[in-house]
Amino acid sequence: MDPKYQPQQIEEKLYREWEEKGYFKANINKKKKPFSIILPPPNANADLHLGHAMYVVEDIMIRYHKLLGDEVLWLPGADHAGFETQFVFENHLKKEGKSRFDFDRDSLFKIIWEFVWQNRGNMEDQLRKLGFALDWGKKKFSMDEDIVKIIYQTFKKLHDQGLVYREKRLVNYCTFCGTSFSDLEVIYKEKISPLYYMKYGPFTLATTRPETKFGDTAVVVNPKDKRYKKWIGKEIEVEGLTGKFKLKVVSDESVDPKFGTGVVKVTPAHDFTDFETSRRHNLEMKQVIGFDGKLNELTGIYQGLYVNQARTKIVEDLKKKGLLVKIKEDYKNRVGTCYKCGRVLEPLPKEQWFVKIRPLADKAKKLVNEEKIKIYPRRFKKILIWWLDNFRDWNISRQVVWGIRIPAYFCQLKKQWFIEPIPPKRCTICGGQDFKQDEDTFDTWFSSAQWPFATLMTQNVIASDSEAISKKEITSSSLTPRNDSFFNYFYPTTVMETGYDILPWWVARMIMIGYFATGKPPFKNIFLHGLIRDKDGKKMSKSKGNVINPMDMVDKYGADALRSALIFGAKEGNDLSFSEEKVIGMRNFTNKIWNIGRFIWMNHSVIPTKSRLAGRVEGSKQKDSSTPLRSARNDTLRQLQKEFKEEKKKYLKLMDSYRFSQALGLVYEFLWHRFADYYIEQLKDEVIHGNIEALKTLREVYLENLKMLHPFIPFVSDAVWKVFKGERSSILSEKL
RNA sequence: GGACUCGUAGCUCAGCGGUUUAGAGCAUCUGAUUUACAUUCAGAGGGUCAGAGGUUCAAAUCCUCUCGAGUCCACCA
């Protein structure tokens with residue numbers, strides 16, 4: 001054994017061995033308890049960041065349950081990450097002086113596919129470097145043919161049950177990125193938006209968006225507002241920039257009489273509140289801004305101007321015409337922006353596919369309330385329920401090429417949509433050839449929402465017992481004969497572990513869609529971890545320059561050090577502060593583990609000889625073999641065994657209640673400051689003089705602790721284990 | 001406006017199903033070593049546990065309020 005633990009010489013080789021010997025392979029074993037986790041699939045084309053390294057929490061659970069003797073599955077995969085990936089790719093194109101408009105749909109898809117495949121291997125190698133006990137043979141990609149087939153079946157099932165519908169509605173649309181989003185993708189930013197008070201027929205009203213006035217189809221006031229009561233139901237004539245026009249005055253509770261002048265113009269095509277108002281009052285919708293972000297032909301001389309340009313010009317013209325009363329320049333409001341490019345989003349009316357959330361969310365809520373799905377830390381239960389109560393219908397259409405194309409077809413003859421999971425040869429509606437597939441792709445989260453069951457349903461694993469083989473199950477839609485025994489054994493999965501930041505995006509939707517598709521919750525437990533911050537508790541970001549690359553840490557200090565730095569002293573579910581110093585501290589810990597082993601091994605492997613003894617004893621105090629001391633040593637041994645017993649009991653309790661940080665802290669404290677600093681120091685001379693009893697006790701307690709530490713620091717623990725138990729042994733075939 | 005998290009040693013944080021002198025890592029200071037490990041060991045300094053009430057024999061821990069930091073959500077036109 002080297003005097004120093006050198007992870008660089010051990011980790012890669014050891015991981016390869018684990019993989020080759022099949023320690024990570026899951027099978028169907030009805031004699032064992034199944035324990036399964038589906039890895040939250042990283043983007044296929046990106047490198048891992050520290051957030052991904054937090055999957056170490058999952059590896060801890062996986063390895064711990066392996067040690068408990070469960071049949072364990074940790075299933076890896078990658079996500080195509082639709083719009084995200086296309087956005088990255090477009091930036092890449094920009095560097096070459098090109099844009100997405102230089103390609104037709106098919107060739108754009110093809111070059112993005114190639115781009116993704118070129119960048120794909122990195123992520124998997126990085127997960128290996130972190131030591132994750134993933135069952136690589138079962139990895140899936142969200143665009144695998146069989147996965148897509150399942151996504152399509154679910155979509156059809158939702159549609160058949162009236163839970164998917166197509167409707168023209170206001171959606172958040174980024175005119176730069178060229179796609180719509182769901183509510184969740186919108187980032188609201190506080191901005192200074194001058195509030196313009198303008199003359200509007202007999203009224204004065206306040207607006208931040210004068211350029212939308214061409215799309216106004218009514219004026220609304222509060223029904224209780226005495227000032228305007230007499231106008232309700234009447235029609236007014238308004239002098240505008242492009243001539244006179246007439247509008248109805250309606251009343252609606254949503255209007256706050258105290259805001260502005262208490263009169264609001266209604267622009268149903270370009271404002272969410274107004275859209276709702278228009279539905280309540282049956283108002284016409286008039287779109288004056290196009291998907292290119294420019295004003296359209298309904299705006300007269302303003303046609304062709306971008307929204308911001310138009311606003312400036314319209315304000316000038318209003319001034320000239322004497323229609324502008326005043327401007328509140330310092331007015332602040334919140335504006336929806338694109339989460340990728342940061343530009344202001346435009347609410348625009350568009351026909352899209354929506355998932356009807358209410359029935360799905362209600363069922364999901366029941367599962368959570370009845371603890372069919374448990375969530376840790378507990379406080380997130382309330383947050384999850386809040387989301388399930390407040391979700392609105394989910395727009396799943398994206399105008400992005402890189403994605404899973406929606407299997408919806410439009411019959412040109414009957415002007416109707418139909419859904420087919422398999423590309424149809426003929427129109428389902430009229431039997432003819434005249435139909436066209438929807439150009440749009442699914443929101444990535446629509447496929448992610450199906451990840452747990454989709455990945456398990458597409459495994460070709462057959463049960464080892466003949467009973468299961470003879471009972472080949474066929475899917476309800478009978479598209480593909482499928483062996484469901486693997487799915488049945490591992491689903492619902494045991495734990496879904498991910499960051500709390502994607503609770504509504506992913507976790508909630510997996511519950512809703514997973515339960516809909518399978519009649520079971522996709523997982524029994526949810527465990528949420530926090531976000532990683534820098535050593536001053538600040539968010540890591542490229543612009544701040546405080547980003548730490550996890551792979552650098554692995555190269556410098558070893559995967560074990562990085563892993564334990566992410567766990568040690570961090571409260572589950574809370575953000576944690578991370579620094580290189582912390583990794584160094586944990587590297588010292590791995591070295592300590594190594595050296596404790598080295599000490600025991602050195603004495604263990606060398607049978608004490610007289611000359612050796614003489615060499616050692618010379619210069620020391622020479623009192624070790626006297627009888628009173630011997631019995632004192634025996635007391636020490638008993639004390640050690642007692643202390644270890646308590647430690648292990650506490651450890652199991654902590655591990656079982658997901659308090660990994662405390663479990664690691666416990667073993668850290670015990671092994672370093674009790675076992676090494678105290679017990680080894682006490683027994684050192686004894687051991688060197690060949691006290692077999694003392695050595696045996698130290699060895700046993702140490703090896704037990706190695707097993708306990710293995711989930712946290714798999715490399716060094718197994719490396720030392722092999723020294724003691726032989727090259728062909730591994731903690732991975734041990735039991736706690 | 002709603003919800004949540006946090007305010008504990010110089011810094012970053014544990015501890016919070018209540019109980020002896022409140023902990024860790026890093027940092028600081030003093031000392032040790034022909035050594036399993038200097039990626040080490042022994043020891044020291046450093047905290048009225050944000051503040052104020054309350055419950056209790058007993059509170060950093062439970063309850064209420066106040067102040068401060070941060071996060072998420074919400075149709076202020």
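Sequence lines set the chain letters: A, B, ... in the order given, protein chains first and strands last, and positions in each chain run from 1. Computed over heavy atoms, backbone and side chain alike; hydrogens, waters and symmetry mates excluded.
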Subject >> Bracket notation of RNA chain B in which parentheses pair within the strand, [ ] cross earlier pairs, and | pairs with another strand (Watson-Crick or G-U, under 3.5 Å) >> reply: (((((((..((((.........)))).((((((....).))))).....(((((.......))))))))))))....
Distance only, no hydrogens: is a donor on one side chain within 3.5 Å (strictly under) of an acceptor on the other, for [X] and [Y]?
| X | Y | value |
| --- | --- | --- |
| Thr204(A) | Lys326(A) | no |
| Glu497(A) | His529(A) | yes |
| Tyr500(A) | Asp575(A) | yes |

Check whether any side-chain nitrogen or oxygen of [X] sits under 4.0 Å from OP1 or OP2 of [N], and answer yes or no.
| X | N | result |
| --- | --- | --- |
| His673(A) | rG25(B) | yes |
| Tyr196(A) | rA77(B) | no |
| Arg392(A) | rC75(B) | yes |
| Lys571(A) | rC16(B) | no |
| Asn333(A) | rA77(B) | yes |
| Lys684(A) | rA36(B) | yes |

Is the shortest side-chain N to carboxylate O distance from [X] to [Y] below 4.0 Å?
| X | Y | value |
| --- | --- | --- |
| Asp393(A) | Arg169(A) | yes |
| Lys248(A) | Glu284(A) | no |
| Glu647(A) | Lys650(A) | no |

Side-chain donor-acceptor pairs of residues 667-676 of chain A under 3.5 Å, sequence neighbours excluded:
residue, atom, partner, partner atom, Å
His673(A), ND1, Asp677(A), OD2, 2.9
Arg674(A), NE, Glu643(A), OE2, 2.7
Arg674(A), NH2, Glu643(A), OE1, 3.2

Original post:
Under the 3.5 Å rule, do the base of rA36(B) and the side chain of Glu681(A) count as making a donor-acceptor pair?
Top reply: yes
Original post:
Under the 3.5 Å rule, do the base of rA77(B) and the side chain of Arg209(A) count as making a donor-acceptor pair?
Top reply: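 No, the side chain and the base share no sub-3.5 Å donor-acceptor pair.
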Closest approach to the side chain of [X], judged atom by atom: which nucleotide of [options] is it?
| X | options | value |
| --- | --- | --- |
| Asn595(A) | rA36(B), rG25(B), rU39(B) | rA36(B) |
| Lys592(A) | rC76(B), rC73(B), rA36(B) | rA36(B) |
| Phe568(A) | rC73(B), rA24(B), rA77(B) | rA24(B) |
| Phe259(A) | rC72(B), rA77(B), rA24(B) | rA77(B) |
| Asn574(A) | rA36(B), rA14(B), rC75(B) | rA14(B) |
| Asn588(A) | rC26(B), rG25(B), rA77(B) | rC26(B) |
| Arg334(A) | rC72(B), rC4(B), rA74(B) | rA74(B) |
| Arg598(A) | rA36(B), rC16(B), rC4(B) | rA36(B) |

For [X] and [N], what is the distance between atoms [atom1] and [atom2] respectively, to the nearest whole Å?
| X | N | atom1 | atom2 | value |
| --- | --- | --- | --- | --- |
| Lys265(A) | rA77(B) | NZ | P | 12 Å |
| Leu528(A) | rC72(B) | CG | P | 16 Å |
| Leu503(A) | rA3(B) | CG | P | 18 Å |
| Arg587(A) | rC26(B) | CZ | P | 11 Å |
| Arg674(A) | rA24(B) | CZ | C1' | 16 Å |
| Trp387(A) | rC72(B) | CH2 | P | 11 Å |

Would you measure the distance from the [atom1] atom in [N] across to the matching atom in [M] and give it in whole Å?
| N | M | atom1 | answer |
| --- | --- | --- | --- |
| rA9(B) | rU56(B) | P | 30 Å |
| rG15(B) | rU19(B) | P | 14 Å |
| rU39(B) | rC16(B) | C1' | 34 Å |
| rC11(B) | rA27(B) | P | 16 Å |
| rG51(B) | rA59(B) | C1' | 16 Å |
| rG10(B) | rA22(B) | P | 16 Å |
| rC26(B) | rC62(B) | C1' | 33 Å |
| rG45(B) | rG2(B) | C1' | 47 Å |

Do side-chain atoms of [X] reach the backbone of [Y] as a donor and acceptor pair under 3.5 angstrom?
| X | Y | value |
| --- | --- | --- |
| Lys328(A) | Leu195(A) | no |
| Arg598(A) | Met1(A) | yes |
| Asn595(A) | Asn591(A) | yes |

Close N/O contacts between protein and nucleotides 45-47 of chain B (under 3.5 Å):
none

Mind listing the closest non-hydrogen atom pair of [X] and [Y] along with its distance?
| X | Y | answer |
| --- | --- | --- |
| Ala663(A) | Tyr651(A) | CB-CD1, 4.2 Å |
| Leu50(A) | Ile532(A) | O-CD1, 3.2 Å |
| Ile289(A) | Leu348(A) | O-CD2, 3.4 Å |
| Trp594(A) | Ala719(A) | CZ3-CB, 4.2 Å |

**OP:** Go through the steps to decide whether Ser182(A) and Glu185(A) satisfy the test side chain to side chain donor-acceptor pair (under 3.5 Å), and finish with yes or no.
**Re:** CA-CA 6 Å; Ser182(A) 72; Glu185(A) 272 99 1; 2.4 Å; yes
Subject >> side-chain contact (heavy atoms from CB on, under 4.5 Å) between Thr636(A) and Leu640(A), intermediate numbers included >> reply: CA-CA 6 Å; Thr636(A) 308; Leu640(A) 167 60; 5.7 Å; no
Extract from the structure each pairing of a protein N or O with an N or O of nucleotides 17-23 of chain B at less than 3.5 Å, listing the distance.
residue, atom, partner, partner atom, Å
rG17(B), O6, Lys653(A), NZ, 2.5

**OP:** Residues of residues 660-668 of chain A with any non-hydrogen atom less than 4.0 angstrom from an atom of RNA chain B: list those, numerically ordered, please.
**Re:** Gln662(A), Tyr668(A)
**OP:** Could you say whether Trp672(A) or Lys582(A) is positioned toward the 5' end of RNA chain B, judged by the nucleotide with the nearest heavy atom to each?
**Re:** Lys582(A)
Subject >> Closest-nucleotide ordering on RNA chain B, the 5'-leading residue of Gly585(A) and Ile383(A) >> reply: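 Final value for this comparison: Ile383(A).
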Original post:
Within the structure shown, what part of the strands sits under 4.0 Å from Asp677(A) by heavy-atom distance: base, sugar-phosphate, or nothing?
Top reply: sugar-phosphate
Which pairs would a plain distance check flag for residues 375-382 of chain A, meaning a side-chain donor or acceptor within less than 3.5 Å of a matching protein atom at least two apart in sequence or in another chain?
residue, atom, partner, partner atom, Å
Arg379(A), NH2, Gly573(A), O, 3.0
Arg379(A), NH2, Asn574(A), OD1, 3.0
Lys381(A), NZ, Glu371(A), OE2, 2.5

